[in-house]
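Everything below concerns the one structure shown next.
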Amino acid sequence: MDGNLILSNILNPPILFFFLGMTAVLVKSDLEIPPPIPKLLSLYLLFAIGFKGGVELIKSGITQEVILTLIAAMLMASFVPIYTFFLLRLKLNNYDAAAIAATYGSISAVTFITASTFLTELGIAFDGYMVAALALMESPAIIVGLILVNLFTEDDKREFVWSEVLQEAFLNSSVFLLVGSLVIGVLTGEHGWQVLEPFTQGLFYGILTFFLLDMGLVAARRIKDLQKTGVFLISFAILIPILNAAIGLLIAKFIDMPRGDALLFAVLSASASYIAVPAAMRLTVPEANPSLYVSTALAVTFPFNIIVGIPLYLYGINLLWR
Amino acid sequence: MDGNLILSNILNPPILFFFLGMTAVLVKSDLEIPPPIPKLLSLYLLFAIGFKGGVELIKSGITQEVILTLIAAMLMASFVPIYTFFLLRLKLNNYDAAAIAATYGSISAVTFITASTFLTELGIAFDGYMVAALALMESPAIIVGLILVNLFTEDDKREFVWSEVLQEAFLNSSVFLLVGSLVIGVLTGEHGWQVLEPFTQGLFYGILTFFLLDMGLVAARRIKDLQKTGVFLISFAILIPILNAAIGLLIAKFIDMPRGDALLFAVLSASASYIAVPAAMRLTVPEANPSLYVSTALAVTFPFNIIVGIPLYLYGINLLWR
Amino acid sequence: MDGNLILSNILNPPILFFFLGMTAVLVKSDLEIPPPIPKLLSLYLLFAIGFKGGVELIKSGITQEVILTLIAAMLMASFVPIYTFFLLRLKLNNYDAAAIAATYGSISAVTFITASTFLTELGIAFDGYMVAALALMESPAIIVGLILVNLFTEDDKREFVWSEVLQEAFLNSSVFLLVGSLVIGVLTGEHGWQVLEPFTQGLFYGILTFFLLDMGLVAARRIKDLQKTGVFLISFAILIPILNAAIGLLIAKFIDMPRGDALLFAVLSASASYIAVPAAMRLTVPEANPSLYVSTALAVTFPFNIIVGIPLYLYGINLLWR
Amino acid sequence: MHAVKKIEIIASALELPKILEGLNQSGVRGHAVIHNVTGQSLQEGREDFDMTMLDNSVYIIAFCMPEQIKPVVEHIRPLLNKFGGTCYLSDVTEIRSINCVASL
Amino acid sequence: MHAVKKIEIIASALELPKILEGLNQSGVRGHAVIHNVTGQSLQEGREDFDMTMLDNSVYIIAFCMPEQIKPVVEHIRPLLNKFGGTCYLSDVTEIRSINCVASL
Amino acid sequence: MHAVKKIEIIASALELPKILEGLNQSGVRGHAVIHNVTGQSLQEGREDFDMTMLDNSVYIIAFCMPEQIKPVVEHIRPLLNKFGGTCYLSDVTEIRSINCVASL
Ligand SMILES: Nc1ncnc2c1ncn2[C@@H]1O[C@H](COP(=O)(O)O)[C@@H](O)[C@H]1O
Ligand SMILES: Nc1ncnc2c1ncn2[C@@H]1O[C@H](COP(=O)(O)O)[C@@H](O)[C@H]1O
Ligand SMILES: Nc1ncnc2c1ncn2[C@@H]1O[C@H](COP(=O)(O)O)[C@@H](O)[C@H]1O
Ligand code: NA
Ligand code: NA
Ligand code: NA
């Protein structure tokens, strides 16, 4: 059963192109997707997913389920960095521990998007407001991470400009575009949806596929860094997502989300940020070693989630939700 | 009535994304659409609008209305820079006056495109040959502007290479691509249209939306320049478009264009160029201060037209055409 | 008859935009499609054509026709560089002769794609596995070219790292992406096709058109190099493609390919590589003069094939196949 | 002709705003920034461009008067030590023109 | 090894053709152009890229023989004064190779 | 402050891997690469960008210790002579920082 799910997941073009990208690096092909094309693709994906989410959010309205889901999202995004921080301190210094904790507390939009297309494939419904959850879960981990650094490192000359930090956390381009598109989706509703549909819907799957080709290239280039990260972090990068997904599923079950939403929530909990958070950490906790937090998130957790994780978590749902 | 029009205009995705772009700059988000992506989007828009115009032009044929409209377009594009020049000289030196006059004599293709989608929204028809008018109105202002500079500045060492100037005016990339696509549209007609339709039509609205997001960023970045431009120019940048639109409407009424065409003609008259003409002025009238002519066109006139102007001019039409 | 074919070919948007691009350079318009946009377009085309080919290959299955066609492709790709090498040596040194021979032994994917849309236009069917032939014909010429250099130049200090050469030949980005997409097309089949259809199919014609606009720019910029190449090479660049197409057609007739496949095979035989092979030659045979092999392929052979060649070869088929 | 100093800074794209602020504070008003620079630093490195901006560097060039060097060093060195990046100084001759550094 | 001169010009992208023509007329055949340079000039400036090409600068590098400097200055300075931009000269050592400046 | 050497190489984008390998073999670990450089070489040239990578150049900058120059020249010159490209050396002063060349 689980095997089938994984297979039907792997045999989708996006995942296969992700493999193709990884292969290109491994066989030393000169295939590359030059900048700023990946930027364009990710802007498109945030634009499309945000807009779609807004349009659906306005249909469903702000029900109690919505509120509950969003609260759960916030809690999860604040809880994960805290508990992982203490776990990581066993092996790492406070700076690295805090940076990695923040990375795993936050989310990966592409993992979310891949999961949503997986659900669409299987004909399992999910709610548009999950995109709001996606948006809400990106920032808290950054704040929590910095608070942890402040508490656990006596470091006088560290004076964050908190305004800058909040800026980084809530106004970085991905959060901003996602939330903005969501709001516009809410404002324009069904009508706006129809006029944009060929662009936001028609191209979506293809552009995701193309983007995952690049993700494969990027992830594979990071693999060599893993030698430096060591076994502890690599296993962390696989086990913690599973654990976070499990916690996420229990919460989802508790506030009984429908299956589709539950999967997306699990995926959000399991995923790690490899852009927004690392960029914030690089500037606010320069003492931490970027190759630790970027490479684990990008070269281990991301591939794991989109290949094995998503179907695995769905399998869990199929057990729990019957 | 007018209010409703403005609202129904504002609540379209393109305009809302324009606001989103402006907001991004105001709240200092790091959202940016890196080069050459905006270039790609604008090439696409010129390609699509030109091609569509050509296909429709061949349907309608070169009727007397077409001739009249194009003549009116030429006249308007030559008249505006002349009268605005003398107006501007009251406050500015001849170099700045000529440069700004040329800017407002020319047109903004994106404003035109936004107006055309607005018409499509409202189900008001317009003719494909208005695109030919668009193409014809970009260049004359550049020539007129330079003639004015020659007449009103005794500047011996200024020797334009007129061939260069005409080159700039008639073969700059936007005019060239627009006219070229139009001609190809004429040559391939309905058949060509069908094969290109998913590309030129399907994506059009979405790419315009995306492009206006960038326009919002660009326009907002220019706002700080407005301090230097002063009240006179800022009010100029709002009042002159309205005046030009009004003149345009009277001409349109006189040669009785249908409503849709009349709006587009008014919009062409009201809009100001922020790429082709400024680039030409920078090289041919370097004495003029670019931040004067670019910033007014980009940070005042462009937003005014797409947000308030378009519905306002349509309101005027609804009054005049009944 | 032939005239009609040429006309109906020329009056398609892709060819007309190719002319537009050439015109832009000739009239010195500043129209340009800045990097990396052309790269993006070509990645898309390889992705789409490869994927489509794979999907159709799985439908048809690996029949005897497929095997025969692929063998013919390999032979042709190895034979052409050998015979052209000896032809070229009459006028050129061994380095230039080998580099040009390799260029003409290999293929141009865009020429192939243009031919396939031409067939679609005329409603002539062709098989998906021709894409496999396309992929197979890119590399051999590189190998053959280098073997020729080794045999005919006593040049002790030349020590190719053959691994590098094979790398260049079989893993360069275009071959890699094409083959990868083909394999993924095979793996995902009809289902994958449906989800990607709006992206890979809907946009295909439009993006090809846009890409040919850029090809027109690039080709025209090379024209001035032709003065240096001389009459011999220019006539070579027109006559050899015709000869290769003829040979290709005879082989096609012999293993009786259907008309559509025959045209594509002729086009592959006639076309010359202006990216993969020149890049490889620049590094492995630096003694050869790039402007000789790039400019002939790009400024003569490519335009000749897409404008005159394709319909001409089809005309030949119409004669032979009745 | 006039003798001026050239400042070259290579650093992570993320530091750019801080560095430019440092230059401005040092009274160096003019600068040019080259983006999308890839590279390899002394420790480890990567040649590919990267979606994760972390590895993309910027190359900053600023020409200034010799007396401005001292404040620049004071403002920039702490940034380099905290965030990484390297900074180099050299002597160049400026051609007098309206916008030239020495024209102030 | 051979002593040659390095010319660096930073100017608006719109001036590029005129400047390159100036270099060619001065007998400086080789040059390299770096595009999409953002920056800030002495008066005011903008860091963002801009669709309106006006603010994008180019960074032009040309290595040449010392005796070519004089004509270059004569050709380039008027352009800088008219259209803006800055130009700097410095001394570098060239590694002899087939294409090297000194190899003529 | 510390005196170091600056190496500038302009060459075809296709040569980049070979040149970087040459630098590494010479013990020069740090470098920065600027891509999409257009230009004109001594013989003939083209200013436009080009899909056919052949004409796009890269501009490579490496700062290193004076004693590293000799091996660099030995490794790079053969590449320049075989594949084209030009290489220049100059003196710069390095601002001491954690990552600076001299800090080893
Ligand atoms: N010795 C060097 N020469 C030239 N560029 C360097 C050197 N060291 C570092 N860099 C560049 O500076 C960037 C940041 O270096 P770092 O701060 O040491 O990580 C690297 O990505 C390189 O592009
Ligand atoms: N002192 C300077 N150092 C480095 N770059 C400069 C300097 N002054 C001006 N620039 C660059 O040159 C471009 C044109 O300058 P300007 O001609 O003064 O507008 C600016 O956009 C900057 O990128
Ligand atoms: N004298 C020079 N000054 C600056 N750049 C040069 C010079 N000569 C050549 N180049 C650049 O180096 C690249 C390769 O030169 P080459 O190896 O001679 O073909 C050219 O495309 C130019 O961009
Ligand atoms: Na998470
Ligand atoms: Na106007
Ligand atoms: Na061939």
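Chain letters run A, B, ... following the sequence lines, proteins first and then strands; every chain starts at 1. Hydrogens, waters and symmetry mates are skipped; everything else that's a heavy atom, side chains included, is used.
Of the two parts of A/Leu208, neither the backbone nor the side chain holds a non-hydrogen atom closer than 4.5 Å to a non-hydrogen atom of chain C. Residue C/Leu203 touches chain A through its side chain alone, counting heavy-atom pairs closer than 4.5 Å.
Contacts with chain A were tallied for C/Leu171, C/Leu187, C/Val183; C/Leu171 has the most, counting heavy-atom pairs under 4.5 Å.
Remark: C/Ile37 CD1 to A/Ile37 CD1 distance equals 8.0 Å, nearest 0.5 Å. Atom CZ in A/Phe210 sits 5.0 Å away from atom CG in C/Leu43 (nearest 0.5 Å).
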Between chain C and chain A: donor-acceptor pairs at under 3.5 Å:
residue, atom, partner, partner atom, Å
C/Gln167, NE2, A/Val27, O, 3.2
C/Gln167, NE2, A/Lys28, O, 2.3
C/Leu171, O, A/Ser29, OG, 2.7
C/Ser173, N, A/Asp30, OD1, 2.6
C/His191, NE2, A/Glu121, OE1, 2.6

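Of all heavy-atom pairs between C/Pro36 and A/Pro35, the closest is CG-O, 3.3 Å. In this structure, A/Leu31 and C/Phe176 approach most closely via the heavy-atom pair CD2-CD2, 3.9 Å.
Under the rule for a side-chain contact (heavy atoms from CB on, under 4.5 Å), the partners of A/Ala133 that lie at least two apart in sequence or sit in another chain are A/Leu70, A/Ala73, A/Met130, A/Leu268.
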- Message: Run the side chain to side chain contact (heavy atoms under 4.5 Å, CB included) test on A/Phe17 and C/Phe47 for me, step by step, so that the C-alpha distance in whole Å, both residues' side-chain angles and the decisive distance to 0.1 Å come before the verdict.
- Response: CA-CA 10 Å; A/Phe17 273 95; C/Phe47 165 89; 3.1 Å; yes

